Enquirer: 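A single structure is presented below for examination.
In what follows, chains are A, B, ... by sequence order, proteins preceding strands, each numbered from 1. The structure presented is a predicted model; accordingly, all values stated were derived computationally and were not measured. Atoms considered below: every heavy atom in the structure, side chains included; atoms not considered: hydrogens, waters and symmetry mates.
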Amino acid sequence: MNIENRLQHSVIDAVKALYGAEADASQITLQTTKKEFKGHYTLITFPLLKISKKNPEQTAQEIGEYLLRNCPMVSEYNVIKGFLNLSIASAVWIELLRHIDGHPHYGFTPVADNAPLYMVEYSSPNTNKPLHLGHVRNNLLGHSLCEVLKANGKRVVKTNIVNDRGIHICKSMLAWKKWGNGETPQSSGKKGDHLIGDYYVLFDKKYKAESAALQAKGLSKEEAEEQSALMREAREMLRKWEADDAETINLWKTMNGWVYAGFDKTYEKLGVSFDKIYYESETYLAGKEEVLRGVKEGIFYRREDGSVWADLTKEGLDEKILLRSDGTSVYMTQDIGTAKLRFDDYPIDKMIYVVGNEQNYHFQVLSILLDKLGFDFGKGLVHFSYGMVELPEGKMKSREGTVVDADDLVDEMINTARETSEELGKLDGVSPDEADNIARMVGLGALKYFILKVDPKKNMTFNPKESIDFNGNTGPFIQYTHARIRSILRKAAEQNIVLPETPDMATELSEKEEGLVQMLAGFDSVVKQAGTEYNVSLIGNYAYDLAKEFNQFYHDFTILKEENIALRNFRLTLSKNVAETLKKAMSLFGIEVPDRM
RNA sequence: GGUCCGGUAGCUCAGCUGGAUAGAGCAACAGCCUUCUAAGCUGUGGGUCGUGGGUUCGAAUCCCGCUCGGAUCACCA
């Protein structure tokens with residue numbers, strides 16, 4: 001049982017002994033004591049006044065006095081207004097530290113073979129353009145979420161649905177065929193996904209020019225788009241693709257292959273990976289089948305023009321199209337098919353989709369449709385919805401070229417990290433390989449933490465010009481703190497200062513050291529945040545608090561220059577724990593913590 | 001118009017299962033490197049928590065109205 005729970009029980013006992021009434025656990029509000037006051041935990045007495053029938057100060061006073069006498073873990077108390085501040089005996093903290101030290105995976109639930117299986121879908125790119133900043137947020141959230149779930153003892157299957165079919169790919173293919181002169185990633189030295197993206201942009205450019213020319217002849221915008229030869233060719237290509245035309249399929253496979261090779265590099269750089277990748281080209285037919293089954297079973301209905309619809313007006317939503325009048329599938333159809341295949345492949349207990357909040361409605365509908373089709377998992381699916389990444393000027397627009405490319409961003413972060421490190425002399429005397437590695441860890445740490453510390457559901461602003469800070473509430477700050485702790489441990493080892501198995505219980509602790517001990521209690525909080533709650537940003541805040549507190553205490557110690565060897569050993573034990581704590585919190589983000597930087 | 005989400009310091013964000021004087025970082029200013037990493041530390045200034053009401057001993061936090069911003073309601077994905 002943790003300290004807070006034990007304390008809660010003691011308070012219940014105290015209330016019973018003092019006032020003869022059984023207090024409910026919900027009435028015992030304990031919180032960590034604010035920095036300005038002395039104590040570790042604070043009992044708020046207001047909810048207990050009805051039982052005590054005394055004023056807040058008196059009640060606090062009486063409970064405090066009782067706890068001091070009868071509860072060994074309480075070493076001290078003070079009363080401020082209705083708040084009872086309780087200090088926990090150092091021995092209790094030390095006991096906790098020993099416990100933590102004795103468990104290498106303290107706070108992490110081991111993953112049992114029969115643990116619930118969570119499938120998490122994230123990333124979900126289109127194959128006609130490279131990954132951008134929005135994908136970066138998606139990938140990092142998805143990956144972190146998986147780590148949090150694993151830390152909670154869940155079995156996790158990371159999955160990705162690649163949108164590899166449709167008119168947008170045909171546009172790239174067509175442009176390449178017309179104007180590409182056989183360009184390949186090898187011949188041009190371009191990353192495959194960027195190459196394809198360039199042709200997508202080229203198509204758009206040519207199409208716009210064509211449309212403008214037609215409009216100059218007096219056609220309306222709609223007419224021009226209708227008569228566009230390019231667009232007609234693209235549609236023709238899509239038809240050929242669906243008809244399994246060998247040449248089209250070959251080109252499609254080749255170009256998608258280039259894109260995948262490019263994506264793999266980006267994923268690797270970001271440190272994310274997948275256990276199973278699905279392709280819409282392989283799932284949309286299953287979706288069609290499911291929808292047609294739905295029609296047969298009277299769940300959906302067909303209109304005169306042949307299109308298939310779901311009536312969701314009873315659920316307070318609109319009608320939703322599932323198959324076009326020409327029989328082709330829409331986005332929703334594909335998602336139904338993908339869901340079916342996934343549940344055929346894995347015994348999934350919970351399905352989580354990491355997808356932007358512009359699709360909140362889509363997933364609301366998907367959940368209902370899957371449920372109607374008789375899939376148990378439909379009702380309980382989770383849409384892990386996150387906000388958009390905006391630029392200071394507003395939204396990113398691919399047409400205006402304001403999209404922040406993922407590869408460029410990562411490279412820029414690493415370069416900046418290297419420059420900063422060099423300026424600060426951090427790379428002096430370090431081998432080139434090690435310098436590369438540090439620059440990579442710090443650059444990516446900065447990027448990842450910057451994105452993950454923001455509440456996922458909120459839109460966030462990213463200013464590429466200011467680039468990401470390396471000071472303050474940042475990834476590098478935490479990495480730096482970790483490196484310093486490791487450094488202390490390293491130097492201690494050189495001087496043969498060994499960590500004591502059991503800290504000397506008789507050692508008197510200074511106020512500062514007790515503070516350090518209290519900081520360690522924050523470890524519990526970090527781990528608690530990994531709980532079933534999915535807000536990964538909270539973990540970031542705790543990690544930052546922990547790192548900050550270490551730096552402050554470290555600073556205080558330096559000033560105090562205390563040189564008692566027993567205390568010194570004790571400090572080392574604590575440092576080791578803080579280092580481990582930071583590392584664990586960061587690992588949930590996928591952020592590496594270097595030994596030195 | 002319906003539905004959903006957001007509005008906290010100049011900027012970027014915490015805090016929201018109700019609790020003490022609303023917190024960090026950045027930016028500004030003033031200090032701190034013979035002593036285990038200054039990517040650090042200390043201090044100063046900076047707030048009608050969008051707004052009006054309600055519930056409560058107590059509201060940034062819960063409820064209702066209003067307002068501003070965003071998303072969505074496609075035979076696009």
Enquirer: On RNA chain B, compare the nucleotides closest to A:Tyr544 and A:Leu317; which residue's is nearer the 5' end?
Expert: A:Leu317
Enquirer: Between the base of B:rU21 and the side chain of A:Lys34, is one N or O donor paired with an acceptor at under 3.5 angstrom?
Expert: no
Enquirer: Of the candidate nucleotides B:rA14, B:rA39, B:rU72, which contains the atom at the shortest distance from the side chain of A:Glu358?
Expert: B:rU72
Enquirer: Please name the nucleotide paired to B:rG1 by Watson-Crick or G-U wobble geometry with both distances under 3.5 Å, or report none.
Expert: B:rC73
Enquirer: Give the nucleotide from the list B:rG70, B:rC36, B:rG25 with an atom nearest to the side chain of A:Ser487.
Expert: B:rC36
Enquirer: Specify the residue among A:Asn357 and A:Pro47 whose closest nucleotide of RNA chain B lies further upstream toward the 5′ end.
Expert: A:Pro47
Enquirer: Quiz question: going by heavy-atom distance under 3.5 Å, is there a donor-acceptor pair between the base of B:rA20 and the side chain of A:Asn85?
Expert: yes
Enquirer: Report yes or no: is the cationic atom of A:Arg303 (NZ for Lys, CZ for Arg) under 6.0 Å from the centre of the six-membered ring of A:Trp309, at an angle within 45° of the ring normal?
Expert: yes
Enquirer: Considering only B:rU8, B:rG25, B:rG70, which nucleotide approaches the side chain of A:Asn473 most closely?
Expert: B:rG25
Enquirer: Does any N or O donor sit under 3.5 Å from an N or O acceptor when you compare the side chain of A:Thr481 with the base of B:rA39?
Expert: no
Enquirer: When you compare B:rG6 with B:rC33, how far apart are their P atoms, in angstrom units rounded to a whole number?
Expert: 48 Å
Enquirer: Just checking, A:Arg484 and A:Phe550: is the charged tip under 6.0 Å from the six-membered ring centre and within 45° of the axis?
Expert: no
Enquirer: Is there, by distance only and without an angle test, a donor paired with an acceptor across the side chain of A:Ser537 and the base of B:rA14 below 3.5 Å?
Expert: no
Enquirer: So if I take every side-chain heavy atom of A:Lys491 and compare against B:rC36, B:rC13, B:rU42, which nucleotide ends up nearest?
Expert: B:rC36
Enquirer: So which nucleotide from B:rU8, B:rA77, B:rG19 ends up closest to the side chain of A:Val330?
Expert: B:rA77
Enquirer: Side-chain contact, heavy-atom cut-off 4.5 Å: A:Val15 with A:Leu48?
Expert: yes
Enquirer: Using the C1' atom on both, measure B:rG23 against B:rA60 and round to a whole Å.
Expert: 12 Å
Enquirer: Only pairs with both distances under 3.5 Å count, Watson-Crick or wobble alike; so what is the partner of B:rA28 in this structure?
Expert: B:rU44
Enquirer: So which nucleotide does B:rU61 pair with, by the Watson-Crick or G-U wobble rule with both distances under 3.5 Å?
Expert: none
Enquirer: Using the rule for Phe, Tyr, His and the six-membered ring of Trp, do A:Tyr480 and B:rG40 stack at under 5.5 Å and under 30°?
Expert: no
Enquirer: Does the side chain of A:Asp164 come under 3.5 Å of the side chain of A:Thr127 through a donor N or O and an acceptor N or O?
Expert: no
Enquirer: What's the closest nucleotide to the A:Asp318 side chain, out of B:rC73, B:rG40, B:rA14?
Expert: B:rC73
